[in-house]
Q: 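Below you will find the structure I want to go over with you.
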Amino acid sequence: MNIQLRDHWSIGGVEIPSRLVLAPMAGVSVQAFRRQGRRYGAGLVCSEMVSVAGIQHRNERTLGYLRVGADEHPLAIQIFGSDPVAMAEAARMVEAAGADIVDMNFGCPVKKVTKTGAGASLLDDPGLACRITEAVATATPLPVSVKMRRGVENGSRTCLSVGPRLVGAGAASLTLHPRSAKQMYTGTADHSLTGELVSLVDVPVIASGDVTSRAKAQSVLATTGASAVMVGRAAQGNPWALAEIMGDGHEPTREEVVAELLLFMRETIRELGEHRATGFLKKFYGWYLGHGRFPRPFKQELVMLRTLDEVETRLLAAAPGAREVLERLEAELPDPESEVLLDSLPISIYGGG
Ligand SMILES: Cc1cc2nc3c(=O)[nH]c(=O)nc-3n(C[C@H](O)[C@H](O)[C@H](O)COP(=O)(O)O)c2cc1C
């Protein structure tokens, strides 16, 4: 079947308007990133991985990750943990927060996560991975999806044995990033495994890894039979990569680049507060202003500035026309009051016991 990027599809009962999914990325996938992703063509966006332990302890910062904007749907919130009961409780929180899909992280290769039995280490404990999936799928009526790596060790094919079992336990969709956990981000994503996984399960499979262009997206869809492609690093500070993949590509003007960066900054300040946003945003300057769009010293200059007000002033001085573009973008955003906020969660779930 020849899948077009603009074709609709669904996970469980959730309708998804394009075959392009924005990847969950810790330290990147804030609300501003997800909303921007939707505007540039992503049919589904996902939060970064949220700690189930943090949810259990009602950690304020963790609960902040459960903020859902009206223009983000369909949205998956990704949770990670290794205890089926805690995962099930977290899934109910995710549902109450207004997400459309509960995604589970069975792929994180980072030691801090794997040493707790969560993330990619679950691929080495398929029994527990299935118990978690079953507990979560039973706890919520939302579709439950799993994102995983090919396995822990290099050359592993574990995903092909674990994947169908997870579907049997209730997963409504699987995302495969076909690198091993050991590989981290080195080497290449081997999408021949994605094709094999597609042939083994009767739920949608999303292909993640090294999709950076329309040509690559089309070839991964065609050769694997996956239902959608997921894009991560290529979209960092570069929503125009998503537009290119969707067939709407153009090289942005400096004014567009600065306007999108300023909008991203303003929204992130609103989400994280000025103090956290100041450090968080620094990596985005290079991502937005790179690609030959601005000279390198300009980025370094921004990183050195003390306040975000100063960064904004400097950016507008470099591209004064951005102000008008930014005003237009802001006028199109929905009212922030339309967000599902945590204090509107049912008391029995939020803090209530
Ligand atoms: C900075 C960063 C953070 C990430 N955080 C997560 C995460 O929280 N959850 C997850 O499932 N994958 C995470 N990933 C993996 C991505 O979702 C994706 O599978 C991977 O980057 C391969 O896709 P790409 O080549 O399009 O970047 C992360 C990747 C990066 C680069």
Side-chain angles (χ1 to χ4, degrees), residues 19-31 33-34 37 40-42 44-52 54-55 62 65-66 75-81 87 90 94 99 101-114 116 118-123 129 144-151 159 166 171 173-191 193-194 197 205-217 219-221 224 226 228-239 241-242 244-245 280-284 286-287:
R19 302 287 174 151
L20 178 58
V21 179
L22 193 61
M25 287 185 285
V28 177
S29 298
V30 287
Q31 208 177 27
F33 183 74
R34 307 189 306 249
Y40 280 81
L44 176 65
V45 296
C46 187
S47 77
E48 69 175 76
M49 56 185 211
V50 184
S51 157
V52 159
I55 292 178
T62 309
Y65 292 126
L66 304 185
L75 164 83
I77 289 184
Q78 187 186 69
I79 53 176
F80 74 96
M87 289 286 273
V94 165
I101 294 170
V102 181
D103 189 51
M104 297 193 293
N105 183 314
F106 292 0
C108 181
V110 175
K111 195 78 182 261
K112 204 170 94 185
V113 170
T114 55
T116 67
S121 62
L122 284 166
L123 298 173
V144 172
S145 55
V146 174
K147 183 163 178 290
M148 60 184 173
R149 291 223 172 195
R150 64 182 294 163
C159 60
L166 297 175
S173 154
L174 300 174
T175 301
L176 180 63
H177 175 201
R179 280 186 172 89
S180 69
K182 282 261 161 67
Q183 262 184 293
M184 302 293 280
Y185 294 93
T186 61
T188 51
D190 178 0
H191 283 297
L193 278 171
T194 313
L197 182 64
V205 172
I206 302 171
S208 170
D210 303 344
V211 177
T212 54
S213 66
R214 181 168 174 81
K216 178 77 184 201
S219 96
V220 168
L221 285 176
T224 63
V229 286
M230 179 177 271
V231 175
R233 289 166 295 172
Q236 290 171 335
N238 194 17
L242 300 175
E244 191 274 331
I245 289 170
F280 175 88
L281 286 166
K282 284 187 195 290
K283 58 185 178 284
F284 285 87
W287 287 341

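Each ligand, and each atom within it, is numbered from 1 in the order the structure gives.
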Q: Between Gly232 and ligand 1, is there a nitrogen or oxygen pair with a distance under 3.5 Å?
A: yes
Q: Give the contacting part of Asp210 toward ligand 1: side chain, backbone, both or neither, where contact means a heavy-atom distance below 4.0 Å.
A: both
Q: For ligand 1, which atoms sit closer than 4.0 Å to a heavy atom of Asn105?
A: 9 (N), 10 (C), 11 (O)
Q: Is any side-chain heavy atom of Val231 closer than 4.5 Å to a side-chain heavy atom of Ile245?
A: yes
Q: Below a 4.0 angstrom heavy-atom separation, can you tell me which part of Met25, side chain or backbone, both or neither, approaches ligand 1?
A: both
Q: Any side-chain heavy atom of Thr175 sitting closer than 4.5 Å to one from Val21?
A: no
Q: Considering only non-hydrogen protein atoms, determine which one is nearest to atom 21 (O) of ligand 1 and report residue, atom name and distance to 0.1 Å.
A: Tyr185 CE2, 3.5 Å
Q: Any N or O of Ala26 that comes nearer than 3.5 Å to an N or O of ligand 1?
A: yes
Q: Looking only at distances, can you tell me whether any N or O atom of Val211, backbone or side chain, sits closer than 3.5 Å to an N or O atom of ligand 1?
A: no
Q: Please tell me if the side chains of Ser145 and Gln78 come closer than 4.5 Å, counting only heavy atoms from C-beta onward.
A: no
Q: CZ/Arg149 to CG/Leu193 distance, rounded to the nearest 0.5 angstrom?
A: 13.0 Å
Q: Is any side-chain heavy atom of Met148 closer than 4.5 Å to a side-chain heavy atom of Leu176?
A: yes
Q: Give the residue, atom name and distance (to 0.1 Å) of the protein heavy atom nearest atom 12 (N) of ligand 1.
A: Lys147 NZ, 3.0 Å
Q: Give the intermediate values and the outcome of side chain to side chain contact (heavy atoms under 4.5 Å, CB included) for residues Thr224 and Val205.
A: CA-CA 9 Å; Thr224 63; Val205 172; over 6 Å; no
Q: Starting from atom 6 (C) of ligand 1, locate the nearest protein heavy atom and write down its residue, its atom name and how far away it is, to 0.1 Å.
A: Pro24 O, 3.1 Å
Q: Near Arg233, which atoms of ligand 1 are under 4.0 Å from a heavy atom of that residue?
A: 21 (O), 24 (P), 25 (O), 26 (O), 27 (O), 31 (C)
Q: Applying a strict 4.0 Å limit to heavy atoms, is Phe80 in contact with ligand 1?
A: no
Q: Dump the intermediate steps for side chain to side chain contact (heavy atoms under 4.5 Å, CB included) on Ile79 and Met104, then the final yes or no.
A: CA-CA 5 Å; Ile79 53 176; Met104 297 193 293; 4.2 Å; yes
Q: Any cation-pi pair here, Lys283 with Phe280, using under 6.0 Å and within 45°?
A: yes
Q: Considering only heavy atoms of Ala23, which atoms of ligand 1 have at least one such atom less than 4.0 Å away?
A: 17 (O)
Q: Does an N or O anywhere in Arg179 fall below 3.5 Å from an N or O of ligand 1?
A: no
Q: Compare all side-chain heavy atoms of Phe33 with those of Leu22 and state whether any distance is below 4.5 angstrom.
A: yes
Q: Can you check whether Glu48 has an N/O within less than 3.5 Å of an N/O in ligand 1?
A: no
Q: For atom 9 (N) of ligand 1, what's the nearest protein heavy-atom neighbour? Residue, atom name and distance, please.
A: Gln78 OE1, 2.8 Å
Q: What do we get for His177 next to ligand 1 when only non-hydrogen atoms under 4.0 Å count, side chain, backbone, both or neither?
A: side chain
Q: Using heavy atoms and a 4.0 Å limit, tell me yes or no: is Gly209 in contact with ligand 1?
A: yes
Q: How far does NE2 of His177 sit from OH of Tyr185, to the nearest 0.5 angstrom?
A: 6.5 Å
Q: Tell me the protein heavy atom at minimum distance from atom 18 (C) of ligand 1, and give that distance in Å.
A: Ser208 OG, 3.4 Å
Q: Please check: side-chain N/O of Ser121 versus main-chain N/O of Ala118, any donor-acceptor pairing under 3.5 Å?
A: yes
